[in-house]
Each structure stands twice: as C-alpha cells, then as structure tokens.
A.B. asks: 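Sharing a structure with you now.
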Amino acid sequence: MKMLGIDIGGSGIKGAIVDTKKGDFVGERLRIPTPQPSSPKAVAKVVAQLSRHFDWGASIGCTFPAVVKRGITLSAANVDNRWIGTDAAALLGKHTGNPVLILNDADAAGIAEMRFGAGKGVEGLVVILTLGTGIGSSLFMNGELVPNTEFGHLIIRGKDAEARASDRAREEKGLSWQQWGKRLSEYLQYLEALITPDLYIIGGGVSKRYRKFFPHIQCATPIVPARLRNRAGIVGAAIAAAELL
Ligand code: BGC
C-alpha cells in the first residue's frame with residue numbers, strides 16, 4: 001500500500017510517499033524548514049504544502065515531537081507551546097482536506113525499526129531511543145508498542161536527561177565522543193535500572209556515526225544502531241496510518 005508519511009521536527013518537516021509493505025520511499029523525500037515560531041497554524045500550512053507537492057488525495061500519517069493521544073498533542077518540549085492541548089489531527093485534517101493520523105515521532109520511528117530494521121523479529125522488551133534535538137523513546141514488548149513513553153525526560157543529576165545527553169547537547173557543549181559516551185552510559189544504565197530492557201536500539205541522525213561513540217558506551221543491555229536512520233519517522237507514520245486509519 002502507498003501512503004504519505006510526514007515527519008514534523010523542530011527544524012524540518014519532511015515528507016515522502018511510502019510503500020508500507022517494503023518500508024521504503026517511493027520517489028524523493030521533500031524537506032521544508034519548520035516555521036519559527038512553530039505555531040500549530042504555521043506548521044499545518046507546511047503539512048498542506050507537502051501534501052500538495054505530492055499531489056496527495058488520501059489519508060496521511062504524521063509524526064509529532066511530543067506526547068500525542070487520540071489526535072491531541074499534549075506536550076511541546078521542542079516546539080511552540082501553543083501545541084499543548086491542540087486537536088492536531090483535526091487541524092491537519094482541515095488544512096490538507098484528508099484524514100490525518102498523528103503519533104509521537106519516536107513511536108513512529110520505533111514502529112518502522114521493529115518492522116523493517118534492527119528490531120525485526122526481536123522478542124522481549126525493546127527500547128528505541130532517537131538522539132537528536134531531544135531524546136525520543138519508544139517501548140515495545142514482544143513487538144507491541146507501548147505508546148508515549150517520555151524516557152528522554154528522566155531526571156539525571158538534577159537535570160532533564162535530554163539536556164545532558166541528546167545530540168544537541170553534545171554539539172552545543174562541544175563534548176568529545178568519549179565525554180558524550182559517558183553521559184549516554186549513565187543515562188542508559190539509569191533506564192535499565194528502571195525497566196531492564198532486552199535490547200537498546202539507538203536512532204536519530206547521529207546513529208550513523210555509531211562507530212564513534214558506541215565504543216564509549218557501557219551498559220548491561222545489548223545495544224545496536226538503528227537501520228532506517230532518517231527514513232524511520234516517515235516510514236513509521238505511513239505504516240501507522242495504513243493500519244489504523
Ligand atoms: C519529546 C518527545 C519526543 C522527543 C524527540 C522530546 O523532547 O518530549 O515527545 O519524542 O523529544 O523529538
């Protein structure tokens with residue numbers, strides 16, 4: 001089945017048509033910078049622009065970098081606060097003229113990774129972490145998603161974990177791979193003390209450089225890089241829409 005997947009992020013809004021059986025794009029991906037401020041209306045206009053670009057006249061799957069329940073965005077860590085409490089599914093539906101399924105970005109990436117990537121066929125408790133502007137998390141038990149985990153916001157040394165250990169924190173603080181690896185290790189060990197996962201999958205743009213920082217990570221849980229990289233959000237959103245709408 002073909003489905004339009006859109007990935008809303010703090011800096012870019014990306015879309016592509018996805019073959020949901022193959023877990024891959026059909027044609028090119030288009031990226032439009034996220035409007036600043038990223039108000040609901042401004043973002044909805046970009047989503048509509050993407051849908052027009054792809055000449056799309058059917059359901060759409062869309063990610064959002066916050067907690068999303070029944071189409072309503074309930075938090076806004078790295079986007080405009082006006083999203084909190086917005087009926088995002090209705091808003092995007094109105095702007096695109098089509099039904100929109102909206103889900104958390106890390107949950108979407110996790111769905112794609114479990115179906116087509118590093119989590120394929122893995123049983124037990126799998127945690128997928130996306131390291132980017134924030135830290136996104138998704139949790140799967142025997143392949144089944146437990147949605148809206150917010151493990152990026154665990155408090156470590158009195159601070160929000162994503163402020164210490166996201167890829168943005170690495171860049172902004174000019175951390176070496178070793179220094180960042182130490183912070184990640186502390187974070188991963190803390191999380192494993194709480195939920196004892198069977199596997200960590202590390203995604204987000206920086207995951208393609210896993211050879212640089214994996215050697216500095218110490219934790220008891222097996223850890224592997226994600227395979228779908230920047231395709232994961234779009235592919236996962238499309239799969240979710242194909243199955244749930
Ligand atoms: C948000 C999550 C999101 C993650 C990655 C966090 O700050 O709270 O909902 O999945 O960033 O974008």
Side-chain angles (χ1 to χ4, degrees), residues 5-15 31 33-38 40 43 46-47 61-86 88-89 92 101-114 119 126-140 145-156 159-173 180 183-184 187-188 190-191 194-195 200-208 225-226 228-237 239-240:
I6 292 182
D7 192 12
I8 300 178
S11 59
I13 303 178
K14 291 106 14 189
R31 178 184 190 278
T34 305
Q36 302 300 339
S38 51
V43 168
V46 174
V47 171
C62 192
T63 77
F64 195 75
V67 174
V68 186
K69 267 193 166 235
R70 289 178 281 276
I72 301 181
T73 42
L74 296 176
S75 67
N78 297 303
V79 279
D80 193 279
N81 273 335
R82 279 170 279 180
W83 281 98
I84 299 173
T86 293
L92 300 179
L101 178 109
I102 178 155
L103 77 167
N104 173 265
D105 56 355
D107 283 349
I111 289 171
E113 207 56 53
M114 292 303 289
V126 179
V127 175
I128 295 154
L129 297 167
T130 58
L131 306 177
T133 310
I135 296 181
S137 64
S138 64
L139 183 70
F140 289 81
L145 172 68
V146 181
N148 286 309
T149 54
E150 285 286 331
F151 294 147
H153 298 297
L154 289 174
I155 302 296
I156 305 220
K159 278 202 166 168
D160 198 11
E162 74 175 22
R164 301 189 77 244
S166 65
D167 191 39
R168 174 161 75 180
R170 178 185 68 81
E171 283 182 342
E172 283 183 358
K173 296 182 171 63
W180 189 51
R183 289 184 177 205
L184 278 175
Y187 172 67
L188 295 170
Y190 184 52
L191 186 52
L194 297 178
I195 58 167
Y200 277 133
I201 300 177
I202 305 297
V206 73
S207 65
K208 61 175 178 285
L228 277 85
R229 308 227 174 109
N230 65 3
R231 278 181 299 141
I234 294 176
V235 169
I239 295 172

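When a ligand or atom number is given, it counts from 1 through the structure's own listing order.
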A.B. asks: Any atoms of ligand 1 less than 4.0 Å from a non-hydrogen atom of Asn104? List them with their elements.
C.D. replies: 2 (C), 3 (C), 9 (O), 10 (O)

A.B. asks: Please could you name the atoms of ligand 1 that Ala77 approaches to less than 4.0 Å, counting only its heavy atoms?
C.D. replies: 7 (O), 8 (O)

A.B. asks: Under 4.0 Å, counting heavy atoms only: does Ala66 come that close to any atom of ligand 1?
C.D. replies: yes

A.B. asks: Can you tell me which residue and heavy atom of the protein come closest to atom 10 (O) of ligand 1, and the distance to 0.1 Å?
C.D. replies: Asp105 OD1, 2.5 Å

A.B. asks: Report yes if the side chains of Leu129 and Ser137 come closer than 4.5 Å at any heavy-atom pair, otherwise no.
C.D. replies: yes

A.B. asks: Within a reach of under 6.0 Å around NZ of Lys159, are more than 12 heavy atoms found that belong to other residues, nucleotides or ligands?
C.D. replies: no

A.B. asks: Please list the nearest protein heavy atom to atom 4 (C) of ligand 1 with its residue and the distance rounded to 0.1 Å.
C.D. replies: Gly136 CA, 3.6 Å

A.B. asks: Is there a side chain to side chain contact (heavy atoms under 4.5 Å, CB included) between Lys208 and Asn230 once you walk through the steps?
C.D. replies: CA-CA 10 Å; Lys208 61 175 178 285; Asn230 65 3; over 6 Å; no

A.B. asks: Please work out which of His153, Glu150, Glu162 has its closest non-hydrogen atom nearest to atom 11 (O) of ligand 1.
C.D. replies: Glu162

A.B. asks: What do you reckon, does Asn78 have a nitrogen or oxygen under 3.5 Å from a nitrogen or oxygen of ligand 1?
C.D. replies: yes

A.B. asks: Passes side chain to side chain contact (heavy atoms under 4.5 Å, CB included), Leu154 versus Leu194? Steps please.
C.D. replies: CA-CA 11 Å; Leu154 289 174; Leu194 297 178; 4.0 Å; yes

A.B. asks: Applying side chain to side chain contact (heavy atoms under 4.5 Å, CB included), run through Arg170 and Val206 and close with a yes or a no.
C.D. replies: CA-CA 10 Å; Arg170 178 185 68 81; Val206 73; 4.2 Å; yes

A.B. asks: For residues Arg82 and Pro37, determine if any side-chain heavy atom of one lies less than 4.5 Å from a side-chain heavy atom of the other.
C.D. replies: yes

A.B. asks: Looking at ligand 1, would Ile135 count as a contact under a 4.0 Å heavy-atom criterion?
C.D. replies: yes

